[in-house]
Amino acid sequence: MQVFKFGGASLKDAKSIMQVCEIIKNYKDDHLVIVVSAMGKTTNALEEVHKYYIENNDKKYEALNNVKLYHYNLLKQIFKEEDEVYFEIEKIFFDLNNYISYNYTNFIEYEYDQIVSIGEILSSKIMYYYLRSLDINVKWIDIRSGLITDDYHREATILFENASSKIKSIFSSKGLYVCQGFIGGTEDGISTTLGREGSDYTAAALAYILDAKSVTIWKDVPGVLNADPRIMPEAIKLDSISYKEAIELSYYGAQVIHPKTIKPLQNKNIPLYVKYYSDPNNSGTKVINTDEITELPPIYIYKYNQVVVSVMPKDFSFIAEENLSIIFKHLAEHKIKVNLMQQSAVSFSICIDYNEQKLKSLLNALSYKFNILHNKNLTLVTIRHYTNEAIEKIIRNKNIILMEVSRKTARIVLK
């Protein structure tokens with residue numbers, strides 16, 4: 001059995017969907033689980049619906065209508081008007097419109113999961129009906145009934161012990177299955193999400209539970225590249241990397257592979273392929289279990305919209321264990337992930353993703369004991385397997401806020 005995952009960029013329009021289904025046609029007699037993300041920028045669009053919903057702003061209806069128009073425009077290009085898929089999609093939008101009209105709680109993360117999870121339901125339904133129109137025998141699965149998670153909304157954890165028997169039962173017979181990435185469900189049937197770009201993790205979790213032969217992530221790039229080609233057009237493809245290297249890259253923010261993806265695959269030695277959906281015959285990148293030392297070029301990872309927060313004790317005491325424990329306690333309470341940290345005798349600096357609400361709450365929480373400075377609109381650049389030339393290329397004519405260099409990795413926060 002194999003697991004294929006198709007991301008939003010590979011399902012963004014009618015042409016892309018047709019290309020993806022041409023790939024799947026070659027496996028129509030196999031045992032294949034197809035995991036799909038929301039189409040195009042649907043997740044972003046539904047996040048806007050959620051934002052207006054939480055604000056009780058009537059713009060939520062306009063935002064939802066934009067999502068609906070996008071999907072209906074796509075439907076018109078690949079289906080006939082009388083096809084059953086229209087009824088299914090209309091029902092999904094009808095239910096969501098009712099939800100944002102009559103249901104409301106103050107639990108922002110809970111509401112996020114109920115609204116934003118619909119993107120994957122829409123894309124999987126469209127994929128299912130289009131595959132059927134090609135005379136491919138396929139089953140549609142609502143993964144929320146099998147992939148059981150805790151109720152930590154917006155960043156739920158898969159409960160593998162609870163999910164395993166359900167997943168094995170759902171996918172037991174040989175055939176083609178279409179299901180959703182990114183989403184799961186609690187034992188009580190409440191929708192959850194696994195964190196942004198979590199569809200990769202869904203594919204890896206299913207492969208782990210089902211002892212899959214391999215996982216293939218189909219992207220809109222030729223494989224794992226040493227840089228984002230939109231930033232560095234000269235970026236080159238890496239033919240193969242180790243699980244360990246993939247974990248490092250994802251940890252530092254590389255967008256090609258979700259950070260949680262590698263561990264379940266490594267535990268069962270399941271190879272991961274990253275391939276280009278527009279060129280399926282291209283070898284892509286293979287991620288495997290190897291200890292061989294492979295020469296890799298400098299790999300550049302950019303994280304934008306960063307904030308550096310520097311805290312200094314008001315009594316001029318050292319930044320020692322007691323002060324650090326207070327700082328990390330507040331970071332944990334506000335669910336803030338630290339991307340980079342640096343310590344001196346009397347100050348401690350952290351680089352974090354910008355979130356206005358979380359930043360304001362953190363600064364208020366720390367202000368009773370610390371003097372605080374912060375800088376917004378920064379960029380964090382990580383260079384794996386750096387060279388002096390690679391560092392110089394990044395910092396030239398830039399204002400360096402923080403810099404950390406270890407044996408294999410250089411990390412620089414720039415203005």
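Note that the structure is predicted; figures quoted are calculated from it, not measured.
Between Thr193 and Arg154, the side chains place no donor N or O within less than 3.5 Å of an acceptor N or O (distance only, hydrogens not considered).
The two residues Gly8 and Ser37 come nearest to each other via the heavy atoms N-CB, 3.6 Å. Contact record, Cys21 with Met127: SG-CE, 3.9 Å, taken as the closest heavy-atom pair. Heavy atoms only, all atoms of each residue included: Ala63 and Tyr52 are closest at CB-CD1, 4.1 Å. Heavy atoms only, all atoms of each residue included: Gln180 and Val35 are closest at C-CG1, 3.9 Å. Minimum heavy-atom separation, Ile401 to Leu414: CG1-C, 4.4 Å.
For the pair Glu322 and Ser317, the minimum side-chain heavy-atom distance is 4.5 Å or more. For the pair Lys275/Pro280, no side-chain contact is recorded, criterion being any heavy-atom separation below 4.5 Å from C-beta on.
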Point to revise | Tyr99 vs Gln114, side chain to side chain donor-acceptor pair (under 3.5 Å): CA-CA, chis, key distance, verdict | key: CA-CA 9 Å; Tyr99 188 89; Gln114 310 320 303; 5.2 Å; no
Practice item. Could you walk me through whether Lys25 and Glu22 pass salt bridge (charged side-chain N to carboxylate O under 4.0 Å, His left out), step by step? Key: CA-CA 5 Å; Lys25 277 173 67 175; Glu22 282 299 312; 3.5 Å; yes
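Both tests do not hold together for Lys260 against Phe182: distance to the six-membered ring centre under 6.0 Å, angle to the ring axis within 45°. The cationic atom of Lys237 (NZ for Lys, CZ for Arg) does not lie both less than 6.0 Å from the six-membered ring centre of Tyr276 and within 45° of the ring axis.
When ring centroids are compared, Tyr277 and Phe6 stay outside the 6.0 Å threshold. The distance between the ring centers of Phe370 and Phe348 does not fall below 6.0 angstrom.
Within 6.0 Å of CD on Glu392 lie more than 12 heavy atoms contributed by other residues, nucleotides or ligands.
Among the candidates His50, Glu47, His153, the single residue satisfying the side-chain hydrogen bond (donor to acceptor under 3.5 Å, both in side chains) test with Tyr112 is Glu47.
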